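Presented below is the structure to which this report refers.
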Amino acid sequence: MRNDDALPLPVLYIAARWLIGPAMTREILVDVMERIALLLELKGENPFKIRAYRTGAEVVRGHPEDIVQLARENKLEGIKGLGDALRDKLHELVTTGSLGFYDKLKVQFPESIFELFEISGLGPKKIAALYKELKVASVVDLKRVCENGEAGELSGFGAKTVEKLLESISFREKHADTFRVDDAATAVTEILEYLRELPEASRVEVAGSFRRGKETVHDLDFLVATKKPAAVMEAFVHGPFAASIIAHGETKSSIRLSNGLQCDLRAVKNEEWAFALAYFTGSKEHNIQMRSRALASGWTLNEYRLDSDSPDSSPPPGNINEERDLHRALGLDYIDPALREGMGEIEAAESGNLPALVELENLRGTFHNHTTASDGSATLEEMAEAAIELGLQYLGIADHSKASFQANGLDEDRLLAQIAEIRRLNAGYDDGFRLFAGSEVDIHKDGSLDFPDEVLAELDYVVASVHNVFTLSEGEQTARIIRAVENPNVTMLGHLTGRLLLKRDSYAVNVPAVIDACAATGTIIELNASPWRLDMDWRWWRMAQEKGVLCSINPDAHSTSGLQDLYYGVRIARKGWLSRRQVINCLPLGKVEAVLAKKRK
DNA sequence: GCCGTTTTCGGCCCGACTGTTTTCAGTCG
């Protein structure tokens, strides 16, 4: 994964802070631009000015070069979307560590007001009214005025609005201590690097649900093998990532990061490593089954060792240094962490029926990517170059269709022009790389598609997705999607459930019925690899696989860096027991075309 | 605030849905 702003060592990090002032990152620049946009919205500013800040944030987020360095050196000239005003502000922010314009703006509202934007059903106008009329400045305040009836009295607010707001608050409370995997991944990388630098730490790994590849996590569990646990604990609780210390013991410590994520560290002896790593990786259900399996051999298993259960039982095998050794001792093939959910992996490991899980390195290309033609931040050529740099053999372009107005969706004419442009670019690439012309075509409310069949037939492949009318009943929504996949031009179904992790639940849809329809029609199902979606969920992929449905791991990239999300998609595919045989984008150029074309024949 | 230009200001992304209304404002994608 590329990270232009990464500082390699804690020592350099500290030195840099002394030498060049506050540590400035791309993320901070993006955050400030986005917050300015929100504050301007609250003030009712010119919407186009607000959009300029949003665009600026996107440009900063997706710029292929080291944007922090460019801003520091005042070399932002010529970057589309950053005009004189934003260039100056970015320069000021990077060189001084603050921004006067932003500081003046943010004192007009309490810091906590930003959390109100996370409540679905609340936009800038309603937030401004709540703040002005009722001094509502936080979600706690909002809950109070919804419950005591004050909110319902406001102009524009009624019983239904208040009811929906309370629902949103409750959804948010339910997920308050949960984090998306991408938010956790940054911390994992930083903390692993830091711990591995410690001379006292001989082995370091992240365990828990993160290691199992879950789509969200409650906390992060780290494990270290060491002869000097106290020194490791001391270094951990005082690491640069630790915002506060929750607990600091001899072999176990907990800290909280600035984003609220709790991180636990356990220290064990070298000879305990395999048992501890297996135990803290879990899941609970998996561990219970492993322990009962050990008992069946007359052994007890815990996080430190394998022991004889009674004087009569045979001694457990020694020399267990890796999880692999432990699994073998229990008569099992090695079980990848992704599969350890207590969902049949132990039986499969016993009978030699575990799948050879797909790996990131197996991917040869990917579909469902956006460009500047719709709502992406990179051009066709830039996306192609980024794919080539990643070592991919092909890249499928699937920009939005015209019904997605908000995303600048393409109409027939623009789509046909894009197809021609892709064909022209392909003539310039050598035989080792190719762009595929596709479309992420909107599925209308009635299940019809946003382009007529003769236009869809011009494309190499079609991704069909639902982007609106989420409120249909389960029966209606299911019928709508099934009608779309029954179209022979629809190669694959995009983000099946429409969920946004920790933000919005899936719309009502009968997933097994859709899987059946995809199996019957030969339609591929997308595994949308965006860490916001990871949709279709890993829990459904075994069913899909058993019915012969193929998978395409798609990043839904809106920038060149968005292609990196393939990493998250592969994690979920592995959790879904998928091997490279079920993932069409593991096929090389020359073979994948036949799979894309199959349904139309 | 950005862009493009017939160079210095006008245009910039539209439609569905919901709820509160009685003709529309706000939110969302």
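In what follows, every chain begins at residue 1, and chains take the letters A, B, ... in the order their sequences are listed. Computed from a predicted structure; not experimentally measured.
- Distance, A:Met33 CE to B:dC2 C1': 14 Å, rounded to whole Å.
- When the C1' atom is used for both B:dG11 and B:dT6, the distance is 16 Å, rounded to whole Å.
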### Task
For each nucleotide in nucleotides 10-16 of chain B, reading 5' to 3', give B when a protein heavy atom comes within less than 4.0 Å of its base, S when such contact involves only the sugar-phosphate, and - otherwise.
--BBBS-
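- Between A:Lys160 and the phosphate of B:dT18, there is no side-chain N or O to OP1/OP2 separation shorter than 4.0 Å.
- In this structure, B:dT8 makes no Watson-Crick or G-U wobble pair, since no nucleotide meets both defining distances under 3.5 angstrom.
- In terms of the side-chain hydrogen bond (donor to acceptor under 3.5 Å, both in side chains) criterion, A:Asn585 has no residue partners (sequence neighbours excluded).
- If you measure from atom CH2 of A:Trp532 to atom C1' of B:dC28, you get 15 Å, rounded to the nearest angstrom.
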Only pairs under 3.5 Å count here: list side-chain donor-acceptor contacts from residues 148-161 of chain A, not counting sequence neighbours, and write none if there are none.
unit_1: A:Asn148; atom_1: OD1; unit_2: A:Glu150; atom_2: N; d: 2.9
unit_1: A:Asn148; atom_1: ND2; unit_2: A:Glu150; atom_2: OE2; d: 2.7

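- Sorted by first and then second residue, the pairs that involve residues 510-533 of chain A and meet salt bridge (charged side-chain N to carboxylate O under 4.0 Å, His left out), not counting sequence neighbours, are A:Asp516-A:Lys547, A:Arg533-A:Asp556.
- Residue-level contact check: A:Ser120 touches the backbone only, with heavy atoms under 4.0 Å from sugar-phosphate atoms and none from bases.
- A salt bridge links A:Arg61 with A:Glu34: at least one charged nitrogen is closer than 4.0 Å to a carboxylate oxygen.
- In the model, A:Glu440 has a side-chain atom that pairs as donor or acceptor with a side-chain atom of A:His467 under 3.5 Å.
- Using a 4.0 Å heavy-atom cutoff across all strands shown, A:Gly121 reaches sugar-phosphate atoms only and no base atom.
- A:Arg504 comes within contact range of the sugar-phosphate backbone alone, with a heavy-atom separation under 4.0 Å but no base atom that close.
- For B:dT23 and B:dT18, the C1' atoms lie 15 Å apart once the distance is rounded to whole Å.
- Mapping A:Gly158 and A:Phe117 onto DNA chain B via the closest heavy atom, the residue that lands nearer the 5' end is A:Gly158.
- When the P atom is compared between B:dC13 and B:dC2, the two are found 15 Å apart, to the nearest whole Å.
- Regarding contacts with the backbone of B:dT20, a side-chain N or O of A:Thr161 is found under 4.0 angstrom from either OP1 or OP2.
- No engagement by A:Ile50 is indicated, since no non-hydrogen atom pair under 4.0 Å with the nucleic acid exists.
- Among pairs with a residue in residues 84-93 of chain A, those fulfilling side-chain hydrogen bond (donor to acceptor under 3.5 Å, both in side chains) read A:Tyr53-A:Lys89, A:Asp84-A:Arg87, at least two apart in sequence or across chains.
- Here B:dC3 presents its P atom at 10 Å from CD of A:Glu77, a figure rounded to the nearest Å.
- For the side-chain contact (heavy atoms from CB on, under 4.5 Å) test, residues two or more places apart in sequence or in another chain that qualify with A:Arg483 are A:Asp446, A:Ser448.
- Annotation: B:dA25 and B:dT20 have their C1' atoms spaced 9 Å apart (nearest Å).
- When each of A:Ala52 and A:Leu154 is assigned the nucleotide of DNA chain B with its nearest heavy atom, A:Ala52 is the one assigned upstream, toward the 5' end.
- Dashed line: the shortest gap from a side-chain N or O of A:Thr55 to OP1 or OP2 of B:dG1 is not under 4.0 Å.
- Here the C1' atom of nucleotide B:dC2 and the CZ atom of A:Arg87 are 10 Å apart, to the nearest Å.
- When the side-chain hydrogen bond (donor to acceptor under 3.5 Å, both in side chains) test is applied to A:Glu476, the partners found at least two apart in sequence or on another chain are A:Ser473.
- Within residues 122-129 of chain A, the residues having any heavy atom closer than 4.0 Å to DNA chain B are, in order of number, A:Leu122, A:Gly123, A:Pro124, A:Lys125, A:Lys126.
- Rounded to the nearest Å, the gap between the C1' atom of B:dG26 and that of B:dT21 is 13 Å.
- Qualifying salt bridge (Lys or Arg N to Asp or Glu O under 4.0 Å) partners for A:Arg539, counting only residues two or more places apart in sequence or in other chains: A:Glu215, A:Asp537.
- In this structure, A:Lys402 reaches neither bases nor backbone, as no heavy-atom distance under 4.0 Å exists between it and the strands shown.
- Using cut-offs of 30° and 60° on the angle between ring planes, the pair A:Phe171 and A:His175 is perpendicular.
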